[in-house]
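Chain A is the first sequence line, chain B the second, and so forth, proteins listed ahead of strands; every chain is numbered from 1.
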There are 2 protein chains.
Amino acid sequence: MASIHDVARVAGVSISTVSYALSGKRSIAESTRLRINNAVEQLGYRPNAGARMLAGTRTNIFALTAPFHAETYAPAHMAFVLAVAQASRAHDYDVLLLTQDEATSGLRRVASSRLVDGIIVLDVAADDDRVGVIRKLGTPAVFIGVPRDAEGLVCVDLDFEAAAALAISRLADAGHRAIGLIGHSPGVYARGSNFPPRFRDGFFRAAAARGIGTAFAMPERDGSSVRAAVDELYRALPGMTALVLHCEEAVQAAVMDILRERGLRVPEDLSVISACASFETDHFEPALDTIPLVAADSCTRAVELAIEQVAGPIAPRVELVPPRYLERGSIAPPAPLR
Amino acid sequence: MASIHDVARVAGVSISTVSYALSGKRSIAESTRLRINNAVEQLGYRPNAGARMLAGTRTNIFALTAPFHAETYAPAHMAFVLAVAQASRAHDYDVLLLTQDEATSGLRRVASSRLVDGIIVLDVAADDDRVGVIRKLGTPAVFIGVPRDAEGLVCVDLDFEAAAALAISRLADAGHRAIGLIGHSPGVYARGSNFPPRFRDGFFRAAAARGIGTAFAMPERDGSSVRAAVDELYRALPGMTALVLHCEEAVQAAVMDILRERGLRVPEDLSVISACASFETDHFEPALDTIPLVAADSCTRAVELAIEQVAGPIAPRVELVPPRYLERGSIAPPAPLR
DNA sequence: TGCAACTATCGAAGCGTTTCGATTGCGTTT
DNA sequence: AAACGCAATCGAAACGCTTCGATAGTTGCA
């Protein structure tokens, strides 16, 4: 394995010159740089990661703490893990994966052994053990999600409240006065994942502000539970003319099946919006208006903020990514009578 | 941040004594060890990861190359990633996540910069670009899955052929002579993922050996495609009395729905086995006999083999994990007439 | 009593970088 | 022609650990 010494020897310069040529931190004559680059090429030289970590001030590794439990919806989770990995690589950072059983001890370990420069926190719960650990550690960290007490933290997330308000606003503007919401399973809310309640509360608040009637159901994954949820909404809100889906793909698909089976046309009989889903919604029949949860948006920003923190402290903040709205024709004015 | 010097000073010994006390590589007086441990505790000392990598011969990090593409079934993928992470931590190894867009270049990068001690390869395709790279690199590596040309590689995987044969054998023993197979979507087979064809071929081979009639369908994820697949099987194999499911959770669920909807009782009218699924199958109604794909089995073994390779070269091999069979009462002798 | 064989400990030499002063050689300015 | 500034390069000191080869100090045995 070629070292910087070998490169220096082949190029006929000192090792510091090689280092500066490669880092660009001091000016180097064009001809020298060329010789060095040739030597690097010829020897297949790659700087030794360990030596770099030791001598330099950074490791170019982020820890990604991504717990995974029974309620986790794997596709969304994967999408975020992936987005963090890709965003990190774009800044020449690698990603070290920390899992559930090591959540807090692992953070302590990688931070205090100086294995990572910073931490990206995924799947943040309202009361999250990792918050306390990270506060103490003082290692640069970015939360993707917002814990109840975000004091002193740097957080990024989709603005779920605004997303819910946006859904309400679009439907209200179309004339709807009774809107149902199908959320995640009760377990998700119970576990304290931070975003489902934020969406739900935003939904109720925006609806109340516009004097709109609401109903809310939290089905499990299975078909019969979804069926019951739809029934429940119609019972609780007999004049319901619009539905907001804030749930997993399988549940959304089941809802669409049930509507079809009951002869309810979208959007003629019922307007439907899919909100904050991290999966594609254009394969539904019909395609649904969507307020997407774009993993790359939050993750890219999170990585940027982490990089900034590696360079030096930044002000704590909660950055909420504004929701977007994709029109696909699944909302219409309510039918005059049903 | 406390260094080994600080520990040595506080304990009143030299740094080499501290190092030996912590690594256990030379004998240290009990009293000295105690003083050192106290100092470590008191200072909250953690060895610097970079220094360790540089001075020692290993980094205690494995690269996990886990591509993710359109055909990837996220829950299974997650299960494997997680299992690798957990098995690695059990041996004091961390896991660096490499994604699709960096598949080969990332491997080269982390291996030749000596950032990782070894590589765990997930989601192996029959013809996988990573195989060639890894052969050249000479870095310890373990494939979870078996590429077409496994010459010189260390591979671990569930024995999918044996699993298929086991399914056939159980059904044949119960008296079935016409067995259908519902596989993954055509895209999965086309992409060259290694295990679906292995299962399929094992299925046909075992059936042929016992003179059993077969039919095979590859539905997409959506309900209508699954419905068509079931129809296709019954058309191709009118006397079909048993069904083997080797597909995603949603498809298996859809199949069960369709059977119910057609008034086909399991196992009275149709015996069903769920084969090589990495998800729980006991929530289906009725619960299905299952040959599970246990991520932890393969991953634990893979990590062990990686560790062995870090210590020194081992013989190339393909280790196939024998399938297990979970009885849940979803197979019965075929009905005398239909 | 002397010497071999341990045991417990120490000192120092790396490991491969980065980075902080030099130092050298030129073209400019006065 | 002396003095200066700047660009290009070098040498050496860290960084924090592991590990090899000494060196005392003890024990055991002849």
Side-chain angles (χ1 to χ4, degrees), chain A residues 1-37 39-40 43-61 92 109-117 310-311, chain B residues 1-37 39-40 43-61 92 109-117 310-311:
Chain A
M1 196 106 327
S3 81
I4 196 171
H5 285 95
D6 304 316
V7 176
R9 192 167 27 72
V10 170
V13 295
S14 73
I15 62 165
S16 53
T17 302
V18 175
S19 180
Y20 285 124
L22 295 181
S23 72
K25 292 191 180 172
R26 281 195 187 176
S27 57
I28 296 290
E30 190 53 29
S31 60
T32 311
R33 189 196 312 285
L34 241 53
R35 261 182 304 137
I36 291 176
N37 285 343
V40 166
L43 296 169
Y45 166 73
R46 297 286 179 103
N48 177 297
R52 247 185 162 168
M53 289 189 196
L54 182 55
T57 51
R58 52 194 57 167
T59 67
N60 279 280
I61 301 179
D92 201 29
R109 182 171 53 79
V110 298
S112 57
S113 67
R114 293 224 146 339
L115 176 52
V116 304
D117 292 338
V310 171
Chain B
M1 197 106 328
S3 82
I4 196 170
H5 286 93
D6 302 316
V7 176
R9 193 167 26 73
V10 169
V13 296
S14 72
I15 62 164
S16 53
T17 304
V18 175
S19 179
Y20 285 124
L22 295 180
S23 71
K25 291 190 180 172
R26 279 195 189 177
S27 57
I28 295 288
E30 190 53 28
S31 61
T32 310
R33 189 196 312 285
L34 240 53
R35 262 182 303 134
I36 291 176
N37 286 342
V40 165
L43 296 169
Y45 167 73
R46 298 285 180 105
N48 177 296
R52 240 178 169 175
M53 289 188 195
L54 181 54
T57 51
R58 51 194 58 165
T59 66
N60 279 281
I61 301 179
D92 202 30
R109 181 170 54 79
V110 298
S112 58
S113 68
R114 295 226 114 48
L115 176 53
V116 304
D117 292 339
V310 171

Check whether any side-chain nitrogen or oxygen of [X] sits under 4.0 Å from OP1 or OP2 of [N], and answer yes or no.
X       : N      : value
A:Lys25 : C:dT18 : no
A:Arg52 : C:dG16 : no
A:Thr32 : D:dT9  : yes

Backbone N/O of A:Ala11 and side chain of A:Arg35: donor-acceptor pair under 3.5 Å: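 Between the backbone of A:Ala11 and the side chain of A:Arg35 there is a qualifying donor-acceptor contact (under 3.5 Å).
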Check: A:Arg58 side chain, A:Asp117 main-chain N or O, donor-acceptor pair, under 3.5 Å: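 Between the backbone of A:Asp117 and the side chain of A:Arg58 there is no qualifying donor-acceptor contact (under 3.5 Å).
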How many Å lie between [atom1] on [X] and [atom2] on [N], as a whole number?
X       : N      : atom1 : atom2 : answer
B:Ile15 : D:dC15 : CD1   : P     : 12 Å
B:Met53 : D:dC17 : CE    : C1'   : 12 Å
A:Arg58 : C:dT17 : CZ    : P     : 18 Å
A:Leu54 : C:dG14 : CG    : P     : 17 Å
B:Arg9  : D:dC17 : CZ    : P     : 13 Å
A:Ile36 : D:dA8  : CD1   : P     : 12 Å
B:Leu22 : D:dT19 : CG    : C1'   : 14 Å
A:Ile28 : D:dA7  : CD1   : C1'   : 10 Å

On the side chain of [X], is there an atom forming a donor-acceptor pair with the base of [N] - under 3.5 Å, no angle test?
X       : N      : value
B:Arg26 : C:dT9  : yes
B:Ser14 : C:dG11 : no
B:Tyr20 : D:dC20 : yes

Touch class at under 4.0 angstrom, heavy-atom based, for A:Arg46 against every strand present: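 Here A:Arg46 touches the backbone only, sparing every base.
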Sugar-phosphate, base or nothing in reach of B:Ser19, heavy atoms under 4.0 Å: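 Base: the residue B:Ser19, judged by heavy atoms under 4.0 Å, touches a nucleobase.
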Closest nucleotide among D:dC17, D:dC10, D:dC15 to the A:Ala55 side chain: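 Of the candidates, D:dC15 comes closest.
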B:Arg109 atom CZ: more than 12 heavy-atom contacts under 6.0 Å: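 Above 12, so yes.
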5'-most by nearest nucleotide on DNA chain D - B:Asn48 or A:Ser16: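 The residue closer to the strand's 5' end, by nearest nucleotide, is A:Ser16.
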Nearest heavy-atom neighbours spanning B:Thr59 and B:Leu115: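 For B:Thr59 and B:Leu115, the tightest heavy-atom pair comes out as OG1-O, 3.1 Å.
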Residue pair A:Ser16 / A:Ser19, side-chain donor-acceptor N/O under 3.5 Å: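 Short answer, no.
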A:Thr17 vs B:Glu30, nearer the 5' end of DNA chain C by closest nucleotide: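 The residue whose closest nucleotide sits nearer the 5' end is B:Glu30.
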